[in-house]
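What follows is a set of notes on a single structure, which appears directly below.
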Amino acid sequence: MRRLGPLLLLLLVAACAPQVVATPPATKTAPPPVEPSPVPPPPVQQPAPPVQTPPPPAATPPAPPSVGPAISFEAWREQFVDKAAAKGFDRGFVEQELSDVTLNPSILNHDTGQPEFVKPISDYIRAAASPAKEAEGRRLRLEYSWMNTLEPRYGVPPEVLIAIWAQESGFGKVQGNYDVISAFATLAYDGRRREWAEDQLIDALSIIRDRGIPRARLKGSWAGAMGQTQFIPGAYLELGQDGDGDGKVDIWNDPADALASAANHLSKQGWQRGQDWAVEVLVPAGFDYSISETEKHPPAWWAAQGVKRADGRPWPAADRAAEAALLVPAGSNGPAFLAFPNHFVIRKYNNSIAYALSIGLMADAIRGEPPLHTPWPHEVPLSRAQRFAAQVALDRLGYPVGLPDGAIGAQTRAALRTWQKKSGLVADGYLTADLVARLEAANP
């Protein structure tokens, strides 16, 4: 896997088709994804002994609670009109834009629901970086000469941007058909993320009032992410770019604007020019996988532990000075990667290992890089009940995972690695049906 060099990037929230960004801060693009295995960039602390014993698990895990508001939707709407007016909006304008808005139950189902089965990472990446998408990406790379201006301007290789474009909207073909005003009104009324959703609703109204974008164009995902690279309103206002110089920022109809906006987002998040996003590596037999995902070191340190580049190439200067984390997303039997800072920048678009790997691998393929040295293994998906049971078992055994919810994230993987190591198992943090059974059997 060659580094994403100096050849002349973005932002979805859905169960295995992620949206732009993992958390709601202003520099991000979409609310927290429900894509499999989200992991925050900072290292994970080793778990400490529990301070209390969780209650016995139910036969099936409980559904995530919805924070139902104590007021009616109409009462919330009146309160929001007051808030918008206090921010300088004309009351009549806000009332008009919200006059046809009603509570959308399908958005609440998306926001609080979890799938029974989560697609294994190997299946996710095969679909996200399919040969057909890679071929289309190569064609568009050659067709659009304006892509040659993106890397000099933002530092982000166009292949990375093309991969995000493919993942977020199928090269602009599938942008979502939810009315963004109604989406954020529903999310705000639900109450779980009211302040964030109301802020985004204010930003959406600003786009209509100040940017001359008609309400009818503000279509997107159920989470309010819009356009070919799926930006939430706040991100559009803050990061949107006029890629073709026509004086407009049209992320819905203009690929140049959409990709330039994505590039600007990644650049502002710290993209490192000329540095790899990740490199496939080979891990020696008997390796202590318990340090994977949590520790970051330069390639020379990993080499001293026996970790070598799969392609045998030397490390370029930009990579030699960078700290990288070892990732084994499909366990010790699957491919391993040293993930550099740019990998974690991609995860600020969508905080998921699967998402970031699919973007990077597709970008490599568009550049003509060979396939992985170690193929993805055949993986059997676990039900949510199995994942929930494993979390409860780990918690009972003294390895806290936070609130068990059936979603295997960084804290659960860290707890699993610690338990695996103390149990004399390969501590790769990869949950299988066999480990679920072992964990349940080990409970007192």
Any Leu439 side-chain heavy atom under 4.5 Å of Leu397 side chain: yes
Using modelled atom types and a 3.5 Å cut-off, is there a donor and acceptor pairing between side-chain atoms of Ser221 and backbone atoms of Ala223? yes
Report yes if some heavy atom in the side chain of Asp199 is under 4.5 Å from a heavy atom in the side chain of Glu195; otherwise report no. yes
Backbone N or O of Gln228 within a donor-acceptor pair of the Ser169 side chain at under 3.5 Å? yes
About how many Å separate CG of Leu338 and CD of Glu323, when rounded to the nearest 0.5 Å? 12.0 Å
Side-chain touch Val281/Phe337, heavy atoms, less than 4.5 angstrom: no
Provide the closest heavy-atom pair for Leu372 versus Trp376 in the form atom of the first, atom of the second, distance. CD1-NE1, 3.5 Å
Does any non-hydrogen side-chain atom of Pro299 lie less than 4.5 Å from one of Trp302? no
Hey, does the side chain of Gln275 reach the backbone of Ala318 with a donor-acceptor pair shorter than 3.5 angstrom? yes
CA sep, side-chain torsions, deciding dist, call: Tyr124, Ser358, side chain to side chain contact (heavy atoms under 4.5 Å, CB included): CA-CA 8 Å; Tyr124 176 89; Ser358 70; 3.8 Å; yes
Test log, rule side chain to side chain contact (heavy atoms under 4.5 Å, CB included), inputs Arg141 and Glu159: CA-CA 7 Å; Arg141 177 69 181 91; Glu159 294 82 5; 3.5 Å; yes
Identify whether the distance between the nearest side-chain nitrogen and carboxylate oxygen of Arg77 and Glu198 falls below 4.0 Å. no
Flag the pair Asp405 and Arg384 as a salt bridge only when some basic side-chain nitrogen lies within less than 4.0 angstrom of an acidic carboxylate oxygen. no
Salt bridge Lys268-Glu238, side-chain N to carboxylate O under 4.0 Å: no
Give the intermediate values and the outcome of side chain to side chain contact (heavy atoms under 4.5 Å, CB included) for residues Phe171 and Ile162. CA-CA 8 Å; Phe171 305 108; Ile162 293 170; 3.9 Å; yes
If you round to the nearest 0.5 Å, how far is OG of Ser267 from CD of Gln241? 9.0 Å
Does a side-chain heavy-atom distance below 4.5 Å link Trp277 with Leu361? yes
Are the side chain of Asn350 and the backbone of Ile346 linked by a donor-acceptor contact shorter than 3.5 Å? no
Closest heavy-atom pair, Ser261 versus Gly240, reported as atoms and distance to 0.1 Å, is OG-CA, 3.4 Å
Does a side-chain N-to-carboxylate-O contact under 4.0 Å join Asp111 and Arg192? yes
Run the numbers on Leu416 and Tyr430 for side chain to side chain contact (heavy atoms under 4.5 Å, CB included), then give the verdict. CA-CA 8 Å; Leu416 180 58; Tyr430 181 67; 5.8 Å; no
Short side-chain to backbone donor-acceptor contact, Gln391 and Gly406, under 3.5 Å: yes
Gly234 versus Asp203, closest heavy-atom pair with distance: CA-OD2, 3.2 Å
With a 4.5 Å cut-off on side-chain heavy atoms, are Leu394 and Thr418 touching? no
Enclosure of Lys421 NZ (heavy-atom neighbours >12, cutoff 6.0 Å): no
Of Tyr189, Tyr178, Phe80, Trp196, which is the lone residue that meets ring-ring contact (aromatic ring centres under 6.0 Å, His included) with Phe184? Trp196
Are the side chain of Glu134 and the backbone of Met362 linked by a donor-acceptor contact shorter than 3.5 Å? no
Trp165 vs Pro158 side-chain heavy atoms within contact, under 4.5 Å: no
Please check if any side-chain donor atom of Asp288 sits under 3.5 Å from a side-chain acceptor atom of Ser290, or the reverse. yes
Tell me which one of Asn333, Asp123, Ile121 satisfies side-chain contact (heavy atoms from CB on, under 4.5 Å) with Glu379. Ile121
Please round to the nearest 0.5 Å and tell me the distance separating atom CG of Leu140 and atom CD1 of Ile366. 8.5 Å
Nearest heavy-atom neighbours spanning Leu327 and Ala339: CD1-CB, 3.6 Å
Charged N to carboxylate O below 4.0 Å: is that the case for Arg309 and Glu280? no
Test Asn104 against Ser106 for side chain to side chain donor-acceptor pair (under 3.5 Å), laying out the working first. CA-CA 6 Å; Asn104 190 329; Ser106 71; 2.6 Å; yes
Ring centroid separation Phe231 to Trp252 under 6.0 Å: no
I'd like to check Asp311 versus His373 (side-chain heavy atoms, cut-off strictly below 4.5 Å). Are they in contact? no
If I take atom CG from residue Leu237 and atom CD from residue Gln200, how far apart are they, to the nearest 0.5 angstrom? 8.5 Å
For the student: nearest non-hydrogen atoms of Arg387 and Val118, plus distance: NH2-CG2, 3.5 Å
Using a 3.5 Å distance criterion without hydrogens, assess whether the side chain of Arg138 forms a donor-acceptor pair with backbone atoms of Ala365. yes
As an exercise, state the distance from CG of Asp257 to CG of Asn264, rounded to the nearest 0.5 Å. 12.0 Å
Locate the shortest heavy-atom distance separating Asp395 from Pro400; write the atom from each residue and the value. OD1-CA, 2.9 Å
Does the separation of the ring centres of Phe340 and Trp315 fall below 6.0 angstrom? yes
Does a side-chain N-to-carboxylate-O contact under 4.0 Å join Lys133 and Glu136? no
Any side-chain to backbone donor/acceptor pair from Thr186 onto Ser182? Under 3.5 Å, distance only. yes
If you draw the axis of the six-membered ring of Phe344, does the NZ or CZ of Lys296 fall within 45° of it and under 6.0 Å from the ring centre? yes
Starting at CG of Asp190, measure out to CG of Leu108 and round the result to the nearest 0.5 Å. 5.0 Å
Has the side chain of Asn342 got a donor or acceptor atom that lies under 3.5 Å from a matching backbone atom of Gln272? yes
Between Gln175 and Met226, is there a donor-acceptor pair closer than 3.5 Å when you use the side chain of the first and the backbone of the second? no
Using 30° and 60° as the class boundaries, would you call the ring planes of His297 and Trp301 parallel, tilted or perpendicular? parallel
